[in-house]
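Only one structure is covered here, and it is reproduced in the block below.
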Amino acid sequence: TAVLVSRQTLLIREQVDASRERERRTVTLYVLTRQFAAAHTEGNIRDSVTRNLRSLFGYDTVLLLSDTSGHLDAGPETPDLSERDQTVARWAFEHGQAAGSGTDTLPGGPWTFLPVGSNPPIGIIGLRSNSEDRSLSPSESQILETAIGQTAAALQRIRTGDRAESLRVAVETEKARNTLLSLVSHDLRTPLASIG
């Protein structure tokens, strides 16, 4: 009876620990989603995702975002990436596949790089474990995929808003130019008509 009760107690403790871990991850994803909804810049999103993933997994985290020319920018206050790490990140970005530590592609370095978005990716998330034997569990991998999907959606929202604002400014500029040309044209026609 004592062995049976001890075993049941151990199972219950494991279930409680697993439940607490699920709750912590769910809360982190909820916080991340709220921060993304309130974000107005790519910098806000970068800060949110790196801080929350670092907290959730205990990994050094970096978000490299592509600019219009396809250059990957790590932003301020990011861990130093060696030239090799940058090459692996570039490969992951160009091919839209995970690369680096724990993958079959360029596994020699400490960083794992995962694409954010697709066709083409918007950026790359890099993770570096502080211990050699630590890898993500299947549930952690699922949480990471969800966080990457949310990051891609938030970045796409910001970029779409930026493009819409640029188009609005271009339309307003064109209207002002046309109005100015119309006024100048009218001012020139009146004296020319009186001369003729």
Side-chain angles (χ1 to χ4, degrees), residues 21-81 85-107 109-129 134-168:
E21 186 61 22
R22 278 192 305 273
E23 178 185 10
R24 184 177 74 85
R25 290 185 183 139
T26 302
V27 167
T28 300
L29 284 175
Y30 173 72
V31 167
L32 190 63
T33 302
R34 288 195 57 188
Q35 289 173 354
F36 284 169
H40 297 292
T41 66
E42 290 182 354
N44 296 139
I45 292 171
R46 177 180 289 154
D47 293 342
S48 251
V49 74
T50 55
R51 183 178 51 253
N52 282 291
L53 291 181
R54 191 177 301 123
S55 167
L56 186 60
F57 301 120
Y59 285 18
D60 289 333
T61 307
V62 63
L63 176 58
L64 307 168
L65 297 176
S66 67
D67 58 16
T68 54
S69 63
H71 178 267
L72 290 175
D73 175 36
E77 299 183 31
T78 57
D80 289 331
L81 297 174
D85 296 332
Q86 291 176 19
T87 302
V88 175
R90 166 66 47 201
W91 188 95
F93 177 75
E94 290 173 354
H95 292 88
Q97 298 176 17
S101 178
T103 69
D104 294 333
T105 307
L106 306 169
W111 287 89
T112 303
F113 294 100
L114 306 158
V116 176
S118 60
N119 300 328
I122 298 171
I124 295 291
I125 285 184
L127 301 169
R128 178 178 62 187
S129 175
R134 170 87 163 89
S135 63
L136 294 177
S137 69
S139 66
E140 288 175 326
S141 294
Q142 186 177 18
I143 296 286
L144 179 60
E145 285 178 29
T146 302
I148 289 172
Q150 289 178 345
T151 303
L155 288 168
Q156 195 62 44
R157 176 184 57 83
I158 295 289
R159 289 188 176 188
T160 300
D162 290 347
R163 280 193 296 268
E165 180 62 19
S166 295
L167 286 173
R168 187 192 67 74

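Just so you know, these numbers come straight off a predicted model, no measurement behind them. All values below were derived from every heavy atom in this structure, side-chain atoms included, with hydrogens, water molecules and symmetry-related copies excluded.
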Inset, instruction - Determine whether more than 12 heavy atoms belonging to other residues, nucleotides or ligands lie under 6.0 Å from atom CZ of R34. - result: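 Result for CZ/R34: open.
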Is [X] reaching over with its side chain to a backbone N or O of [Y], donor-acceptor style, under 3.5 angstrom?
X: S66; Y: I122; result: yes
X: S137; Y: E140; result: yes
X: Q150; Y: A147; result: no
X: S55; Y: R51; result: no

I want to check something: taking the side chain as every heavy atom from C-beta on, are [X] and [Y] in contact at a cut-off of under 4.5 Å?
X: F113; Y: L127; answer: no
X: P110; Y: D85; answer: yes
X: W111; Y: L81; answer: yes

Legend entry - Verdict with reasoning, D67 to D73, per side-chain contact (heavy atoms from CB on, under 4.5 Å): CA-CA 7 Å; D67 58 16; D73 175 36; 5.8 Å; no
Which residues share a salt bridge (charged side-chain N to carboxylate O under 4.0 Å, His left out) with [X], sequence neighbours left out:
X: E21; result: R24, R25
X: D60; result: R128
X: E165; result: R168

If I take atom [atom1] from residue [X] and atom [atom2] from residue [Y], how far apart are they, to the nearest 0.5 angstrom?
X: H71; Y: L65; atom1: NE2; atom2: CG; value: 12.0 Å
X: T28; Y: I143; atom1: OG1; atom2: CD1; value: 8.5 Å
X: F57; Y: S141; atom1: CZ; atom2: OG; value: 7.5 Å

Could you report the tightest heavy-atom contact between [X] and [Y], atom names first, then the distance?
X: P121; Y: G96; answer: CG-CA, 4.0 Å
X: L63; Y: R46; answer: O-NE, 3.2 Å
X: L32; Y: V49; answer: CD1-CA, 3.9 Å
X: L114; Y: A98; answer: CD2-CB, 3.4 Å
X: G109; Y: S101; answer: O-CB, 3.2 Å

Exercise answer: donor-acceptor pairs, residues 35-44 side-chain atoms, under 3.5 Å, sequence neighbours excluded:
residue: Q35; atom: OE1; partner: S48; partner atom: OG; Å: 2.5
residue: Q35; atom: OE1; partner: N52; partner atom: ND2; Å: 2.8
residue: H40; atom: NE2; partner: A38; partner atom: O; Å: 3.4
residue: T41; atom: OG1; partner: G43; partner atom: N; Å: 3.4
residue: T41; atom: OG1; partner: N44; partner atom: N; Å: 3.1
residue: T41; atom: OG1; partner: N44; partner atom: OD1; Å: 2.9
residue: E42; atom: OE2; partner: R159; partner atom: NE; Å: 2.5
residue: E42; atom: OE2; partner: R159; partner atom: NH2; Å: 3.3
residue: N44; atom: OD1; partner: H40; partner atom: N; Å: 3.3
residue: N44; atom: OD1; partner: T41; partner atom: N; Å: 3.2

Inset, instruction - Among L53, T112, L56, find the one that has a side-chain contact (heavy atoms from CB on, under 4.5 Å) with L144. - result: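 Testing each of L53, T112, L56 against L144, the sole residue satisfying side-chain contact (heavy atoms from CB on, under 4.5 Å) is L53.
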Inset, instruction - Could you walk me through whether T103 and T105 pass side chain to side chain donor-acceptor pair (under 3.5 Å), step by step? - result: CA-CA 5 Å; T103 69; T105 307; 4.9 Å; no
Legend entry - Derivation of the side-chain contact (heavy atoms from CB on, under 4.5 Å) call for I125 and V62: CA-CA 6 Å; I125 285 184; V62 63; over 6 Å; no
Inset, instruction - Please test L29 against T146 for side-chain contact (heavy atoms from CB on, under 4.5 Å), starting from the C-alpha separation and ending with a verdict. - result: CA-CA 8 Å; L29 284 175; T146 302; 4.1 Å; yes
Legend entry - For H95, ring-ring contact (aromatic ring centres under 6.0 Å, His included) partners two or more places apart: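 Listed in chain order: W91.
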Inset, instruction - Under the side chain to side chain donor-acceptor pair (under 3.5 Å) rule, collect the residues that match up with D104, sequence neighbours excluded. - result: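 Applying side chain to side chain donor-acceptor pair (under 3.5 Å) to D104 gives none.
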